[in-house]
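Let me begin by presenting the structure, written as structure tokens, before commenting on it.
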Amino acid sequence: MLKQNGYAQYQNAKIMTASPAELTLMLYEGAIKFGNMAIVAMENKNPAKAHENIVRVENIIQNFRDTLDKKYPIWEEFEKIYVYLLRRCHECNMKKDPEIMEEVLKHIRSMRDNWKEVMKKVASDKSNPAAQARVAGGRGNTAGYTASATAKLSGA
């Protein structure tokens with residue numbers, strides 16, 4: 001029990017001190033983890049566990065959708081992607097079809113990998129120290145985003 005509590009405290013501290021960019025990466029990683037857990041549950045004929053983990057993936061995707069910044073024109077393209085992924089998650093949950101979740105995870109992995117590249121590029125851009133600090137250091141956190149990410153990663 002003590003080990004679990006210590007790990008939970010570590011995870012919570014990690015989330016609370018992360019930059020918004022790092023939180024985004026953690027959310028991608030969480031969606032992938034929960035998606036993989038859903039696939040295993042479907043393969044093991046455990047529909048309740050599959051449902052629980054599919055809903056966690058949906059919650060993370062919905063969080064991405066809810067936090068789109070509409071001042072950038074690209075938000076509309078991300079909106080379409082998130083709506084599509086949510087629809088596929090719903091279909092996966094109804095049919096308990098691991099192939100659908102594999103497709104969703106393929107897209108999420110691609111987005112995660114692109115996000116990692118963006119983080120590297122910004123971190124190496126010596127001409128923009130403010131952006132470097134936000135990506136690398138935990139500055140610029142907003143309490144709402146941090147609380148939301150904490151809830152999504154913990155499955156709440």
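From a predicted model like this one, the values you see are computed outputs, not experimental measurements.
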If you draw a 6.0 Å radius around CD in Glu99, do more than 12 non-hydrogen atoms from other residues or ligands fall strictly inside?
no

Is there a donor-acceptor pair closer than 3.5 Å between any side-chain N or O of Trp115 and the backbone N or O of Tyr28?
no

Angle class for the His107/Tyr84 ring planes (parallel below 30°, perpendicular above 60°, tilted otherwise)?
perpendicular

Closest approach of Met42 to Lys96 (non-hydrogen atoms, all atoms of both residues):
SD-C, 3.3 Å

Determine the minimum heavy-atom distance between Leu86 and Glu58, stating which atoms define it.
CD2-O, 3.5 Å

Asn44: what forms a side chain to side chain contact (heavy atoms under 4.5 Å, CB included) with it, not counting sequence neighbours?
Val40

Could you list the residues that satisfy salt bridge (Lys or Arg N to Asp or Glu O under 4.0 Å) with Glu76, not counting sequence neighbours?
none

Rounding to 0.5 Å, atoms CD (Glu103) and SG (Cys89) come to a distance of 9.5 Å

Flag the pair Lys49 and Glu52 as a salt bridge only when some basic side-chain nitrogen lies within less than 4.0 angstrom of an acidic carboxylate oxygen.
yes

Please report the C-alpha distance between Ile61 and Ile108 in whole Å, then the side-chain angles of each, then the deciding distance to 0.1 Å, and finally whether the side chain to side chain contact (heavy atoms under 4.5 Å, CB included) criterion is met.
CA-CA 9 Å; Ile61 294 168; Ile108 293 173; 4.1 Å; yes

To the nearest 0.5 Å, what is the distance between OG1 on Thr67 and CZ on Phe78?
11.0 Å

Interatomic spacing from CD in Glu91 to CD1 in Ile100 - rounded to 0.5 Å:
5.5 Å

Between the CG atom in Asn59 and the CZ atom in Phe34, the distance rounded to the nearest 0.5 Å is 9.5 Å

Can you measure from OG1 (Thr24) to CE (Met111) and round to the nearest 0.5 angstrom?
10.5 Å

Report the distance from atom NZ of Lys95 to atom NE2 of His90, rounding to the nearest 0.5 Å.
13.5 Å

